[in-house]
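In what follows, every chain begins at residue 1, and chains take the letters A, B, ... in the order their sequences are listed.
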Number of protein chains: 2
Amino acid sequence: MNASDSISQTRAAMDEYRVAFSVDCVIFGYGKEKLNILLVECNLPPYIGKWSLLGDFIRDDEDLDSAAHRVLSGYTHVNSIYLEQVSTYGNRCRHPLGRVITTAYYSLVQVTTFEDTYTSDGLRVKWFDVDDLPGLAFDHDEILSSCYERLQKCLRERPIGFELLPKEFTLSQLRRLYEVVLNIELDKRNFRRKLKSLNLLKETEKLQEDVPHRPAKLFKFDHKQYISQMSNGLHFEL
Amino acid sequence: MNASDSISQTRAAMDEYRVAFSVDCVIFGYGKEKLNILLVECNLPPYIGKWSLLGDFIRDDEDLDSAAHRVLSGYTHVNSIYLEQVSTYGNRCRHPLGRVITTAYYSLVQVTTFEDTYTSDGLRVKWFDVDDLPGLAFDHDEILSSCYERLQKCLRERPIGFELLPKEFTLSQLRRLYEVVLNIELDKRNFRRKLKSLNLLKETEKLQEDVPHRPAKLFKFDHKQYISQMSNGLHFEL
DNA sequence: CCAAAAGTGTTAGGCCTACACCCATGA
DNA sequence: TCATGGGTGTAGGCCTAACACTTTTGG
């Protein structure tokens, strides 16, 4: 087969096998010692009244990650966004209107207020406690749980917990985050020791304010340290 | 917005944003103490003469994993196939003929002979040593390296090494496989101890044959043990 | 002075690592 | 008998996990 044959054959296949393609975002926010997920009301039969992940079809002029960012920034107004691709779902029958293949991302956002809003189409957008989720539309239950598992795995393997907290935080807040997300208990002293030994935190001069007890020191994540340590082959753990 | 509006709006979007979609497989085979990868000659400009991963456009009637299996079984004749989705690539300009989004899988196959063959189109299909790869077409270099990294990670986290070996193997063969794939050295005694403590191997009565030294015992992977241990929350490591 | 969370060290056990010699077999 | 890889045990260090009391602040 020569090159021009192969071009036309490939063109034909590309035409024949086109599918709709979307990205879906599992958006995690942390607040009041709960892990929350942002969902949108679904009004496609047969899922009317169910909730679904935030997603959209990909546009011609954007890469996958850009599409995911677009979806995110369309619904959240946040300081920083951490995005990571998880997995792609394309079962023939996963969408009632025909074949749609979707790539799922999980994202971590720093939220201060968990207020419900609406999409431009008037659909409700609402934060749900991850431990108290409604049934979801499409195969979004499956997508959500693998994203949650992935989040838990990543949280153990690298320092992404900071992405869910304000820029400055106490060690107890961080530990609590780990406990909530991983659904485990952590020893206070061991956790402090561990984190200090990792050298990923910069101590600030500031203290917690307006707390009815001894105020804790505030820390920041030291991004430079992290980069240099990782490039030296170091390994984060728990 | 009511339901029928939303149906027609979604339909319109699905029509407007259709893309070509493919799966690509990074096929790993192990032999002669080398990790090998199966590649196919590419004859699409501007990549003529380069090599590329094996892949194909997805068909209407198949799920993603089925498509990957189809690609695999089209080019390999093997005992067992281990398939795992890795990541999805969809940059606008990754394909010269237009937008193609592709989901990458890595797969482990038990190969006995690494003979070169041809596709039905007459393109060469050839095994390459993973440490001595040619430059690849499209973004396949990037895909391949993330699949290789993923393989290394998975190999440390769960017992998949067996998938690359014959059903019965010696502990030294297994250790060598780990050394080659992970590009590290492992202590013979520590490795044996570790693997025995994991209780994932069934000792057979058989011994190696036709070796010019003391023959080693042959082991099999104990799949039942693995399932029951994992469901008890146990954890594989190295 | 009371409540509430911050902050702080030590010890025991398990796990990983490093290491060297004899054994069984085929040529 | 020689060459080749098979097979085996022990000791030290490191990391982890368990555990309780004093300190600081606000009310």
*asked:* Between C1' on dG13(D) and CG on N190(B), what's the gap in Å once rounded to a whole number?
replied: 14 Å

*Summary of side-chain hydrogen bond (donor to acceptor under 3.5 Å, both in side chains) pairs that have at least one residue in residues 21-30 of chain A, sequence neighbours excluded*: S22(A)-T102(A), D24(A)-T102(A)

*Using whole Å, report how far CD of E209(B) lies from P of dG5(D).*
19 Å

_Looking at K188(A) and E179(A), is there a salt bridge between them, counting it only when a charged N and a carboxylate O are closer than 4.0 Å?_
no

*Hey, does the side-chain of D187(A) have a donor or acceptor N/O within less than 3.5 Å of a partner on the base of dC19(D)?*
yes

*asked:* Quick test of your reading of the model: are R124(B) and D116(B) salt-bridged, counting only N-O distances below 4.0 Å?
replied: no

_Distance in angstrom units between L195(B) CG and dG7(D) P, rounded_ = 13 Å

*Thinking salt bridges, do E84(A) and R158(A) make one under a 4.0 Å N-O criterion?*
yes

*Send over the distance from F191(A) CZ to dA17(D) P, rounded to a whole Å.*
13 Å

Which pairs, protein N/O on one side and nucleotides 20-27 of chain D N/O on the other, fall under 3.5 Å?
| unit_1 | atom_1 | unit_2 | atom_2 | d |
| --- | --- | --- | --- | --- |
| dA20(D) | N1 | R189(A) | NH1 | 3.2 |
| dT23(D) | O2 | R214(A) | NH1 | 3.1 |

*Is the NZ or CZ atom of K224(B) both under 6.0 Å from the centre of the six-membered ring of Y226(B) and within 45° of that ring's axis?*
no

_Centroid-centroid under 6.0 Å between F169(A) and F162(A) rings_ = yes

_Output the rounded distance in Å from CD (Q173(B)) to C1' (dG6(D))._
12 Å

*K194(B) has an atom NZ; how far is it from atom C1' of dG14(C), in whole Å?*
11 Å

*Would you classify T170(A) as touching base, sugar-phosphate or nothing, given that sugar-phosphate means primed atoms plus P, OP1 and OP2, and contacts are heavy atoms under 4.0 Å?*
nothing

